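Presented below is the structure to which this report refers.
The structure displayed is predicted, hence computed values, not measured ones. Because only heavy atoms are used, hydrogens play no part in the values below, and waters and symmetry mates are left out as well, while side chains stay in. Convention: sequence-line order gives letters A, B, ...; per-chain numbering from 1.
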Amino acid sequence: MAEITLTKKDFTSDQEVRWCPGCGDYSILATMQAFLPELGVPREKIVFISGIGCSSRFPYYLETFGMHSIHGRAPAIASGLTISRPDLTVFVITGDGDALSIGGNHFIHALRRNVDLKIMLFNNRIYGLTKGQYSPTSEAGKITKSTPVGSLDTPFNPVSLGLGAEATFIARTIDSDRKHLTGVLQAATKHKGSALIEIYQNCPIFNDGAFDSIKDGDSREGALLHLIHGEPIKSTTHAVVRKADGDLEMRALSEINEADIVIHDAHRIDPTYAFALSRLSTNDHVLVGVFRDVARPSYGDLVHEQVDGVIAKQGKGDLATLLAGGDSWEIS
Amino acid sequence: MAEITLTKKDFTSDQEVRWCPGCGDYSILATMQAFLPELGVPREKIVFISGIGCSSRFPYYLETFGMHSIHGRAPAIASGLTISRPDLTVFVITGDGDALSIGGNHFIHALRRNVDLKIMLFNNRIYGLTKGQYSPTSEAGKITKSTPVGSLDTPFNPVSLGLGAEATFIARTIDSDRKHLTGVLQAATKHKGSALIEIYQNCPIFNDGAFDSIKDGDSREGALLHLIHGEPIKSTTHAVVRKADGDLEMRALSEINEADIVIHDAHRIDPTYAFALSRLSTNDHVLVGVFRDVARPSYGDLVHEQVDGVIAKQGKGDLATLLAGGDSWEIS
Amino acid sequence: MSKTIVSMDQVTIRFAGDSGDGMQLTGDRFTSDTAILGNDLATLPNYPAEIRAPTGTLPGVSSFQLHFADHHIQTAGDAPDVLVAMNPAALKANMRDMPRGSTIIVNKDEFSARNLTKVGYETNPLEDGSLESYKVHGIPLTSMTVGALAHLPLSRKEAERAKNMFALGMLSWMYHRPTKATEKFLTAKFSKVPDILEANLVAYRAGWNYGETTEEFSVSYEIAPAPQAKGKYRNMSGNLALAYGLIAGAQCAKLPLFLGSYPITPASDILHELSKQKKFGVITFQAEDEIAAVGAAIGASYGGAMGITSTSGPGVALKSEAIGLAVMLELPLIIVDVQRGGPSTGLPTKTEQSDLLQVMFGRNGESPVPVLAASTPTDCFDMAVEAVRIATAYRTPVFLLSDGYIANGSQPWRIPEVDSLPDLHVDFAKTQENFQPYARDPKTLARPWAVPGTPGLEHRIGGIEKANLTGDISYEPANHDFMVRTRAAKVAGIEVPDLVVDDPDGAEVLILGWGSTYGPVRAAIDVLRESGAKVAQAHIKYINPFPKNLGEVLSKYPKVILPEMNLGQMAMLIRSEFLKDIISFNQVRGLPFSTTELVEATLEVLNG
Amino acid sequence: MSKTIVSMDQVTIRFAGDSGDGMQLTGDRFTSDTAILGNDLATLPNYPAEIRAPTGTLPGVSSFQLHFADHHIQTAGDAPDVLVAMNPAALKANMRDMPRGSTIIVNKDEFSARNLTKVGYETNPLEDGSLESYKVHGIPLTSMTVGALAHLPLSRKEAERAKNMFALGMLSWMYHRPTKATEKFLTAKFSKVPDILEANLVAYRAGWNYGETTEEFSVSYEIAPAPQAKGKYRNMSGNLALAYGLIAGAQCAKLPLFLGSYPITPASDILHELSKQKKFGVITFQAEDEIAAVGAAIGASYGGAMGITSTSGPGVALKSEAIGLAVMLELPLIIVDVQRGGPSTGLPTKTEQSDLLQVMFGRNGESPVPVLAASTPTDCFDMAVEAVRIATAYRTPVFLLSDGYIANGSQPWRIPEVDSLPDLHVDFAKTQENFQPYARDPKTLARPWAVPGTPGLEHRIGGIEKANLTGDISYEPANHDFMVRTRAAKVAGIEVPDLVVDDPDGAEVLILGWGSTYGPVRAAIDVLRESGAKVAQAHIKYINPFPKNLGEVLSKYPKVILPEMNLGQMAMLIRSEFLKDIISFNQVRGLPFSTTELVEATLEVLNG
Ligand SMILES: Cc1ncc(C[n+]2csc(CCOP(=O)(O)OP(=O)(O)O)c2C)c(N)n1
Ligand SMILES: Cc1ncc(C[n+]2csc(CCOP(=O)(O)OP(=O)(O)O)c2C)c(N)n1
Ligand code: SF4
Ligand code: SF4
Ligand SMILES: [Mg+2]
Ligand SMILES: [Mg+2]
């Protein structure tokens, strides 16, 4: 059979897309639909598993296998799937509430186990679907439906949390930047094991403009510091340097020597470096790209190696032998 | 009324202690009973809330208020208590399974919110109560009842995870070292907000000797690198230095200059430094003491400030006014 | 031009439009103005399913129905007399509910070819004759609004947004609604944006004037006030009433209120409302999940607060293990379950009564919990106060059931005098020698509420079976049997009011309702009696324990009809307890019963 | 010395000692040797509550009871004929179960003043006459063991540890048990520590010789083999049988087995056992919590595996939301609930049947799930295979109930021929045009199992209500009603075997059992019939749906007695479905019913 080249259309399902006008989810969807043909995996081997939230509607719009599960549990369900079916490519689609609030536990455990999941965290810093309560990534002091005088919680930094949970791959990107998002998807799908992709996503209805300061056409080039392995970490105006005491900091280019800019190393085994990077972003200057990408066997591979190893040594199990056991007697 | 000085006995309840002979929990209990009189808080103002596990029996043995709750939920229950009753001193007692497996979500959220809880995590790297399955802190490859061919999970590092979750206070100590544990308790109870104390605890029945390499009388002095604010981080044989590339590493004293040893700064705002420290321990050389201790308003304080602020501005709520609303009509 | 004024006894109007068209606000305002006029009323909002769909599509349609009358009414009405449809989607989505002969007012401007195709209209229904049997008014609402605002410094988009106020003004004229309150409301709402305020006021008045002057409408309608008991009234939705009831209950008990909650439709508004009430010392804690939410509430109750948690069915499922702990701890706790369509995520914005067996039995072990169910939007207030009474007096978790229908629906509420509210104060245990945390009050079987901070009461509690009196851990077989039966007896012994039967004619058939079926059943009873049928009515608000006279009531009626928005959950409880062959009438459509279907079902039983 | 040999028809022996004394192992070995001899038998281990208590204390006592006979038996016996007590705590903890005249063998060495005070004995019961009505043998087990091992290079502590083997040897002599198998067992177990092996073997033989030579015992006993069907037998505990049944079921269905689990007493052994069976391709996933455990199982089933999750009551509570998802997804899933004492943490090591209503109803919405309950340790195997059949054939989650009593108890099991196991193979959906994920098999109402990887079957499923056939999201009222009723009909239509009634004498009274009450009820029936009473017996293993003939069976008996280890949960189901006035006999003591109490309760009904 001749190889069939798939197109974006082949990955578009017949379901009407139902997000609010202007929602950042649209462009993430379009990018994904455009990216999947290039992934080179047949449609039937791709599965999207989501929790609950606006973002979690994502699987309906893709002509692949998909499950819109329950709130916060997608990483658990997807773990069971990918561990038992390592031939599949499994994406988890989740929101800041879904992943980090109710689903926080499954999230950190999937990362530490390095289960082969590509986790796309749509971070709009708000609960969209339930109409605008603050989320675990909302900035402190935020006025929302459930915090009329301002929220009191220190937000999670998803990259820091992921690193604290032993993640092997973490990246950050932006809904509207299709090229960047595509690049990150390429890197994530190449990575064996868990890949966490934080996507800054605008919710025009309940948290509009959360990321405007870095999306604005004029200041954009200065706002985004790109993490590219082997290249200096900088934007057109800012860069990352190492201070005398060893800590990393972000500085205006004008204040530093070009030569002092840190050259990005996504493959450092010690996660401290990536952790340091995760602390540097400000409201106006944000690090995007792959923070960390290190090799560790995926959980599913380890499981199957273990099973195969036992079978190689002891042979396939024989049911009659199992049932008979070693301590039986005969009545005749 | 004359001030009554309480003693260890006053903090000992009438319940028979029921751990296995030799369990590390005994000495933690004894240390706590000895420490509480010196805390200077009346017994009735102290509450111990635990989950489920061997360690979670702890509250029964203390003559204070106590609740032996359900598996993994102690931080949530204790949050409700301490937020609504800021006059109390609330400890959470938990195990590596209770805190990091089933309770992982409450654990990270309590830390990020900086709820005023002193969380004592008894880490024996095993499920004791259910008779010996591996836990989220068990080393990879561990043979247990549920992993007869060896576990496959990369363990959590509780200190790293806590830092990823924005913890303001984290320390590590050892069951058998009463003096050290007492010092850590002093620091933790002084801290406003969440304090996480990881305690290496021996389970002689299901994971005996997990910490022998650092408890052994002979090598002990070399094994423990003490984190003391303002002092060099070292043991009699090893120390922490900063490498040329800015990373921290642990080295033999013989290989380095005394002057290059890192001076501990527990109060650094950027958690990267503490995170770096959290990655340095090996099987034979372990950092103990306070990794991080920074000030941030406790969640309970913020809640009450907000409530008080509203009342100061708007006056106390009047029920009749509330019920009447602004849009009523009279039928006569 | 002089117009005819027609008197009517009742009208049902449905406002429908895109999610962004402000239909809920429009409906709310019309409701408020109607309330001020003294009509009795009932409302039923219908939100689009969770996600906002793209503009102009069927899933994006949002509607608000209002039924008002010169007499006492029970429901928001089966079928609207008037539909206001702001776009083709709103028309299409609502047409099937419109009886022939009813009035349809549409925003003609939106009936473009593009918008029509979006919802699958092949021809324009305003032109193709398909609406011949209706009284159709095609009105260019958008362009008239924009025209009326031409003098204001607004973009076209901003101007267009005021079209709902134009519609509101028009309808207000048509039904003689007073306009002052809405003008006051708009003034307050937009005080910080004078241009927008002006736009809304102008549009509102323009709509009114349009009704008054144009020849489009030749008749306006008057509906006289309904006779109502003396007093001060306000319009009240179920969720607001429930939140107020919790505050009132806590005040009556002199306890601080602590709410641990995690947002979920249709319960979130309770969290929103309580988070506004900090001046009552209310603490709201938006937890990381439902388990933490109930956990925090238990912790707060342990510390001497009225711990409450609010959620819907999926949240109850998650909370069940912790509620079992509260059963063992015997501490006050209120779990509010605003039921929605299930199973699983189900129909999040629709109503259902299918969590009943879950709240009764959804915990491991013998784990009895009292269950109350509110019957109407305003009854949510009373039942919330009752929940506080039972939780505190008996030291027990209590389930309070509401559902999407009454949570979002509203009706006039006679504002109670604060003095008339019950005294719910209970004493905490005081310092004493030989304190026994599981000794019991002989009457209520409640154990002492011994809050931390009380010298001498230091003690330990937990989820393992406790020894009678001491509360120590006990694995004794006989003690366990005793404690299991004691916890059951405590709940079984809770004092609840007797069931009231409304049976003026000595009927043979009883319609038994529970929860939100009250309104539809009552409306059906009115219709049935008017037609000469003899039917009795009784409504269960206390489900665990049942009212003491329930068995006696059931035994009096040869036929008992039990309508439920589930497959027969209450029927199962009653059948097993009383061995009575109930006639179930079930419907699981995510909607309240219509009066018509209840009347028909009852007639079938009466005649067959 | 020549000793008398007495023939007996049955004996019950209880071994009791400190947790560290190896009583479970001793009991296991005695059981195996008894099984080899061909007696019928039943065992009942009794572990101390979760935490290991300090040595020598009452909470630290562990025991193992074995009942064996020359005829078919049902339970581990009400009251032991012989107690072996390794220390004063073991004596004190077990004395209340010992009937006067029974035999008590104690390890005299442990009766020091210190050990006596530890458990509250003021005087030594071996000396103060309090055991006068018993046949007491005070034997210095420790010192004799140490003496026997003096020649070995062991510390005293190591030597002492072999005293359980001394006791086992002694009892083996007394009841004529064969010794070869135990010697073989010890040799395998201690193959790597020759000194310890030697110690155990020597102690074992020394105990045997002590029985044979000493004057302490003048009589030994013979119990003839029980007549049993031809075949190969082994001893089998409930948890092991259940694990094997799951493996067998998955093999019969040709599906890989995936277990997602979180440890919890008394279910953990299923996880342990399955984690050993990697050679069958079994994957076990110890999840971070119960929610993840069931979630992973659902994910695995979605991928085409037999997804299973095992837990106890508190874990079921946590899994309930996800089980609701599985109901909506209509995918195979097995949830094993090994019930323990509740509510909350309750009595973790004790047995109870109080999760029945939770598994039936503990989910939001109308969420029907089939429920099966195993009746005996070996029946766990058959019911596990049945659970696989129903889950896969009907694409539905299935609850399989066991409980602490049968999970840890054991009985001889006739090993089935693999060929005799059913073919459970089901087809996955195949590549096709216009695939409809919610089309149904007309007979089973099962939807297609369409696993990822099948070209052309790409589709999306989820927890929101699905449109009939397409499986798309649907908020349509009529569709929801239809789907709710269809899911209910699917479960109601599952084929299960008819209820079998054992009624040789045309009785008027039926004892109805379910789950683990089978053994006790059967034993009571035997006693009752022997005494001339007419009683019928029937046992429910299929709870949802009930066997089709259940109503007919119930209607035949004027009196139906239903014993349950709860407050009447099955009674509630039966009363509501059949409006039949069941006579409940309830007990919530964390223990199985004793034959005596069941006999008495039945006699009361027969006579009153
Ligand atoms: C068990 C449960 N609890 C609560 C909800 C209600 N709920 C649905 S989505 C959501 C949060 C959505 O926020 P996020 O994950 O950030 O997604 P977004 O809508 O912003 O994309 C909540 C609270 C639910 N569906 N299930
Ligand atoms: C909901 C629930 N799931 C599982 C259990 C069983 N369980 C009790 S404690 C425990 C783990 C104990 O490990 P850890 O927290 O490390 O405490 P340790 O016993 O080692 O001190 C488990 C799995 C339970 N009690 N409740
Ligand atoms: S509410 Fe926000 S996140 Fe949700 S669909 Fe609308 S714009 Fe997007
Ligand atoms: S099992 Fe381990 S942790 Fe538990 S009490 Fe015994 S020694 Fe301590
Ligand atoms: Mg969000
Ligand atoms: Mg542990």
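Interface remark: D:F381 contributes side-chain atoms only to the contact with chain A (heavy atom separation under 4.5 Å). With a threshold of 4.5 angstrom between heavy atoms, A:L88 approaches chain D through side-chain atoms but not through N, CA, C or O. Proximity to chain A is absent for every atom of D:E417, based on heavy atoms less than 4.5 angstrom apart. Both the backbone and the side chain of D:L457 come within contact range of chain A, with heavy atoms under 4.5 Å apart. Neither the backbone nor the side chain of D:L37 comes within less than 4.5 Å of any heavy atom in chain A. Contact annotation for D:L421: only side-chain heavy atoms (C-beta onward) come within less than 4.5 Å of a heavy atom of chain A. Heavy atoms of A:A320 lying under 4.5 Å from chain D belong to its backbone as well as its side chain. For chain A, the nearby parts of D:P455 are the backbone and the side chain; heavy atoms of each come within less than 4.5 Å. Contacts between D:A35 and chain A at a heavy-atom distance below 4.5 Å involve backbone atoms as well as side-chain atoms.
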Starting from the C-alpha separation in whole Å, work towards a yes-or-no answer on salt bridge (charged side-chain N to carboxylate O under 4.0 Å, His left out) for A:D327 and D:K184. CA-CA 10 Å; A:D327 212 9; D:K184 200 174 130 199; over 6 Å; no
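Looking at heavy atoms from C-beta onward, A:R85 lies in side-chain contact with D:V451 at the 4.5 angstrom threshold. At least one side-chain heavy atom of A:R73 sits less than 4.5 Å from a side-chain heavy atom of D:E321. A 4.5 Å side-chain heavy-atom check between D:L329 and A:M67 finds at least one atom pair inside the cut-off. Counting heavy atoms from C-beta outward, D:K278 and A:Q306 have side chains that approach closer than 4.5 Å. Considering only heavy atoms from C-beta on, A:V307 stays 4.5 Å or farther from D:V282 through its side chain. Proximity of A:I83 to D:F258: side-chain heavy atoms (C-beta onward) are separated by under 4.5 Å at one or more points.
Between the CZ atom in D:F285 and the CZ atom in A:R113 there is a gap of 3.5 Å [rounded to 0.5 Å]. Distance CD1/A:I77 to OG/D:S301: 11.0 Å, rounded to 0.5 Å. Distance check, rounded to the nearest 0.5 Å: CG of D:D472 to OG of A:S13 gives 8.5 Å. Distance check, rounded to the nearest 0.5 Å: CD1 of D:I461 to OG of A:S69 gives 10.0 Å.
Minimum heavy-atom separation, A:S328 to D:I415: CB-CD1, 3.9 Å. Pairing each heavy atom of A:L322 with each of D:F280, the nearest pair is CB-CZ, 3.8 Å.
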Tabulate below the donor-acceptor pairs under 3.5 Å that side-chain atoms of residues 38-48 of chain A make, not counting sequence neighbours, or state none.
from, atom 1, to, atom 2, distance (Å)
A:E38, OE2, A:Q186, NE2, 2.3
A:R43, NH1, A:D10, O, 2.7
A:K45, NZ, A:D87, OD2, 3.0

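With sequence neighbours excluded, the residues forming a side chain to side chain contact (heavy atoms under 4.5 Å, CB included) with D:A226 are D:D40, listed by chain and number. D:E433 is linked by a side chain to side chain contact (heavy atoms under 4.5 Å, CB included) to nothing, counting only residues two or more places apart in sequence or in another chain.
Ring geometry for A:W329 versus D:Y233: interplanar angle under 30°, hence parallel rather than tilted (30 to 60°).
The residues A:D308 and D:K279 are annotated as not salt-bridged, no charged nitrogen and carboxylate oxygen being separated by less than 4.0 angstrom. Salt bridge status for D:R234 with A:E330: absent, with no side-chain N to carboxylate O gap under 4.0 Å.
Scanning residues 286-296 of chain D against chain A with a 4.5 Å heavy-atom cutoff picks out D:Q286, D:A287, D:E288, D:D289, D:I291, D:A292, D:G295, D:A296, ordered by number.
Heavy-atom pairs under 4.5 Å with chain A peak, among D:A300, D:A248, D:A181, D:G38, at D:A300. Per-residue heavy-atom pair counts under 4.5 Å with chain A were compared for D:I36, D:I298, D:L240, and the maximum is reached by D:I36. Between chain D and the residues A:D14, A:T82, A:L62, the most heavy-atom pairs under 4.5 angstrom are made by A:L62. No other option in D:R460, D:M236, D:Q228 has as many heavy-atom pairs under 4.5 Å with chain A as D:R460. Note on A:S79, A:S50, A:A324, A:A110: by heavy-atom pairs under 4.5 Å with chain D, the leading option is A:A324. In terms of non-hydrogen atom pairs under 4.5 Å with chain A, the most contact-rich of D:A241, D:P412, D:A305, D:G303 is D:G303. Residue with the most contacts toward chain A among D:L325, D:T284, D:N235, D:I247: D:L325 (heavy-atom pairs, distance under 4.5 Å).
The environment of NZ in A:K8 is crowded: more than 12 heavy-atom neighbours from other residues, nucleotides or ligands sit within 6.0 Å.
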